[in-house]
Amino acid sequence: MIDLKLILQNTEEAQRKLSLRHEDYDLAKIRELAEKRVRIQTQLDQARSERNRISKEIGNLIRQGKTEDAERLKAEAGLIPSQMESLDQEFHQAESEINGLLLQIPNLPDQSVPVGASDQDNKVERVIGHPRSFSFKPKDHIELGESLGIMDFEAAARIAGARFSLLIGDGARLERSLINFMLNLHTRDHGYTEILPPFMGNPDTFLASGHLPKFEQELFKVQPFGWYLVPTAEVPLTNIYRDQIINDTDLPIKLCAYTPCFRSEASSYGKDIRGLIRLHLFDKVELYKFVAPDQSFQELEGLVKDAGKVLELLGLPYRVVSLCTADLGFSSAKTYDLEVWLPGQNCYREISSCSNCSDFQARRAGIRFKKSGRKGTELVHTLNGSGLAVGRTMVAILENFQEEDGTVRIPEALWDYMGKKEINPSKKL
RNA sequence: GGAGGAGUGGCCGAGUGGUUUAAGGCGACGGUCUUGAAAACCGUUGACCUCUUACGGGGUCCGCAGGUUCAAAUCCCGCCUCCUCCGCCA
């Protein structure tokens, strides 16, 4: 949620920043409702104050035994609740309308975000590593996976349907190895604490992270219970500290988590139908930070570095892209995508998305921190980033390290995890 | 699934309709003392909304949401969460 005060005090500025996202929002309407709410609240507070005063007096009279005077006052005070009732209704009406509108509004882009109209305007910040040149035509991961006998999309479709995967033997082992490798790296070398959260959550949880109410069609709902399956570990991790006040000495808090991710891909019809690129269920290791506001952009750079380290240790070429204003996610103030080189597709593909959500999620989730020796609390800033999408990492390994005969070399960083240095073509199950 | 019990401030905990303006303790912070620290003693110590240039004032918050009442942490209705026992179960 963006700050209502910002809308009230600087409507035009907020409107201008939102328009950079190429979406329209009626801030004037919110402003009008908010001003109305304050008027009503003032009246309501006065009525309550009067009621409290009289009630206290009645109490005093009763204690002094002056029951007749008390009865007279009771008759007088009896009129107040009915006056308050309609005000109270108006107040709640205005408040829920304001909230309903506010929950639909995305975060404001930071001023360092490139202004643009589509993903064409994203800015390449840097390129790390060099795409390998092949002496043969590189295969894509689907062909490789099936000839190696480590994937069976037909069986996956039989079990669940389109956009699911089934890994066999070294394929399954590679997925598991990657998860362990990533978690070990981030916990041992990068200082993150590992979390294994629930893979589903209640509606409040998804509201706090910004996935509800606007994006319900992207989620799988568990009926009849009302839970949703997590589309990313960002959702449960955000909510670890929902409605909590954190000591500033505990910041920054750095967490990482492996979870499966469940996405309906409702708005992706026709895109990446085959293979491991876009699935209803995939594995991801997520990085997450709760930080003090003045640290968040610096911490974002660190997050990108931590995610990039995975690719570097695996020897995969990639580039870092700063998303433009039109391509930013709903909760994000600034996002870097890491895009890995895929020879099979002859292009860079997103393998990590690292965002600074500033105070947007913290406000929805009520996550604040307290500076010792200072009055009051302040909202934390939250950051999240993939470290990395596991399936897409497997795609990148298969496609980048393939040989002409279909053999795939395993990156050295994974040798111990895999117990071997290459995967050779073998019979299908 | 059955039967009980419980949810109060950062934490523990008192409080069964009106001197509760939520006692007391712990923790934290400040001070006295001390070479320094500890101990002891003294003091301070919530969040949120709102009015005010300011000083300061008003309001809300005792799991959540309703209700009764002039007045609710306290009584009533519904819900949520946690705990204990029984049953079932990976």
Side-chain angles (χ1 to χ4, degrees), chain A residues 1-9 30-103 196-208 212 222 224-228 236 239-251 253 290 292 359 362-380:
Chain A
M1 213 154 40
I2 64 172
D3 193 354
L4 179 60
K5 277 188 190 137
L6 193 75
I7 295 177
L8 295 179
Q9 287 162 12
I30 293 179
R31 191 181 164 145
E32 195 181 298
L33 282 165
E35 283 165 358
K36 180 182 165 194
R37 184 187 59 172
V38 168
R39 278 200 306 277
I40 296 167
Q41 188 183 355
T42 306
Q43 293 173 42
L44 200 55
D45 283 356
Q46 280 168 1
R48 269 201 274 250
S49 174
E50 178 68 3
R51 182 202 64 186
N52 290 348
R53 189 185 63 76
I54 294 178
S55 289
K56 197 178 273 184
E57 213 174 316
I58 292 172
N60 284 329
L61 290 171
I62 290 174
R63 229 171 292 116
Q64 291 164 21
K66 300 180 180 170
T67 43
E68 276 175 36
D69 291 342
E71 288 304 321
R72 203 174 321 120
L73 261 189
K74 274 191 196 180
E76 187 183 326
L79 302 171
I80 296 177
S82 59
Q83 291 166 10
M84 279 170 49
E85 195 173 349
S86 64
L87 283 173
D88 201 53
Q89 264 175 22
E90 276 187 83
F91 180 80
H92 281 108
Q93 165 92 25
E95 186 162 66
S96 73
E97 274 183 60
I98 291 166
N99 253 322
L101 290 170
L102 223 45
L103 285 171
L196 187 64
F199 299 160
M200 47 180 110
N202 57 43
D204 283 348
T205 287
F206 283 78
L207 201 74
L212 285 179
V222 182
F225 304 100
W227 292 306
Y228 296 89
N239 283 273
I240 290 176
Y241 292 99
R242 170 148 55 93
D243 294 324
Q244 306 291 306
I245 299 171
I246 302 169
N247 280 329
D248 67 334
T249 49
D250 292 332
L251 297 178
I253 295 169
F290 299 89
D359 62 11
R363 186 172 292 105
R364 287 176 163 240
I367 308 169
R368 293 163 294 166
F369 74 102
K370 187 170 176 55
K371 284 184 184 163
S372 54
R374 227 199 265 182
K375 237 179 126 63
T377 60
E378 221 179 307
L379 292 166
V380 301

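Chain identifiers are assigned alphabetically (A, B, ...) following the order of the sequence lines, protein sequences preceding nucleic acid strands; residue numbering begins at 1 within each chain.
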Looking at [X] and [Y], what are the two nearest heavy atoms and their distance?
X	Y	value
A365(A)	A208(A)	CB-CB, 3.7 Å
L103(A)	R364(A)	O-NH2, 2.5 Å
R363(A)	D3(A)	NH1-N, 3.3 Å

[N] versus [M] - spacing of their [atom1] atoms, nearest Å:
N	M	atom1	answer
A39(B)	C33(B)	C1'	11 Å
C76(B)	U68(B)	C1'	7 Å
C83(B)	C77(B)	C1'	24 Å
G30(B)	C48(B)	P	22 Å
C70(B)	C80(B)	P	32 Å
G17(B)	C75(B)	C1'	8 Å
G15(B)	G63(B)	P	15 Å
G24(B)	U84(B)	P	33 Å

> With nearest nucleotides of RNA chain B determined for R368(A) and L8(A) from heavy-atom distances, which residue corresponds to the more 5′ nucleotide?
Replying inline: R368(A)

In whole angstroms, how far is the [atom2] atom of [N] from the [atom1] atom of [X]?
X	N	atom1	atom2	answer
M84(A)	G59(B)	CE	P	11 Å
I246(A)	A47(B)	CD1	C1'	15 Å
F91(A)	C49(B)	CZ	C1'	7 Å
D243(A)	G7(B)	CG	P	20 Å
D250(A)	G10(B)	CG	P	15 Å
N247(A)	C11(B)	CG	P	11 Å
Q43(A)	U50(B)	CD	C1'	13 Å
R53(A)	U21(B)	CZ	P	16 Å

>> At less than 4.0 Å, is any side-chain N or O atom of T42(A) found next to OP1 or OP2 of C49(B)? Yes or no.
In response: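 No.
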
Across all strands, who's sitting opposite [N] as a Watson-Crick or G-U wobble pair, both distances under 3.5 Å?
N	result
A39(B)	none
A47(B)	U60(B)
U81(B)	A6(B)
U68(B)	none
C88(B)	none
C33(B)	none
G24(B)	C12(B)
G17(B)	none

>> Could you walk me through whether E32(A) and K36(A) satisfy the salt bridge (charged side-chain N to carboxylate O under 4.0 Å, His left out) test, starting with their C-alpha distance in whole Å, then the side-chain angles of each, then the deciding distance to 0.1 Å, before giving a yes or no?
In response: CA-CA 6 Å; E32(A) 195 181 298; K36(A) 180 182 165 194; over 6 Å; no

> What one-letter contact string describes nucleotides 60-77 of chain B from 5' to 3', where B marks a base within less than 4.0 Å of any protein heavy atom, S marks contact via sugar-phosphate atoms alone, and - marks no contact?
Replying inline: S---------BS------

> Going by the angle between their ring planes, with limits at 30° and 60°, are Y228(A) and F206(A) parallel, tilted or perpendicular?
Replying inline: tilted

> So, does N247(A) use its side chain to make a donor-acceptor pair with the main chain of T249(A) at under 3.5 Å?
Replying inline: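 Such a contact is absent between N247(A) side chain and T249(A) backbone.
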
> Counting N and O atoms only, with roles assigned by atom type, does the side chain of R37(A) sit under 3.5 Å from a partner on the main chain of A94(A), one being a donor and the other an acceptor?
Replying inline: no

> By side chain to side chain donor-acceptor pair (under 3.5 Å), which residues pair with S55(A), not counting sequence neighbours?
Replying inline: none

> Can you name the residues that form a salt bridge (Lys or Arg N to Asp or Glu O under 4.0 Å) with D69(A), not counting sequence neighbours?
Replying inline: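 So D69(A) forms a salt bridge (Lys or Arg N to Asp or Glu O under 4.0 Å) with R72(A).
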
For nucleotides 81-83 of chain B, which of its nitrogen or oxygen atoms have a protein nitrogen or oxygen under 3.5 Å away, and what is each distance?
none

Scan the side chains in residues 40-49 of chain A for donor-acceptor partners under 3.5 Å anywhere in the protein, sequence neighbours excluded, and list what turns up.
from: T42(A); atom 1: OG1; to: V38(A); atom 2: O; distance (Å): 2.8

>> Suppose we screen for side chain to side chain contact (heavy atoms under 4.5 Å, CB included). Which residues come up paired with E50(A), at least two apart in sequence or across chains?
In response: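 For E50(A), the residues satisfying side chain to side chain contact (heavy atoms under 4.5 Å, CB included) (neighbours in sequence not counted) are R53(A), I54(A), I80(A).
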
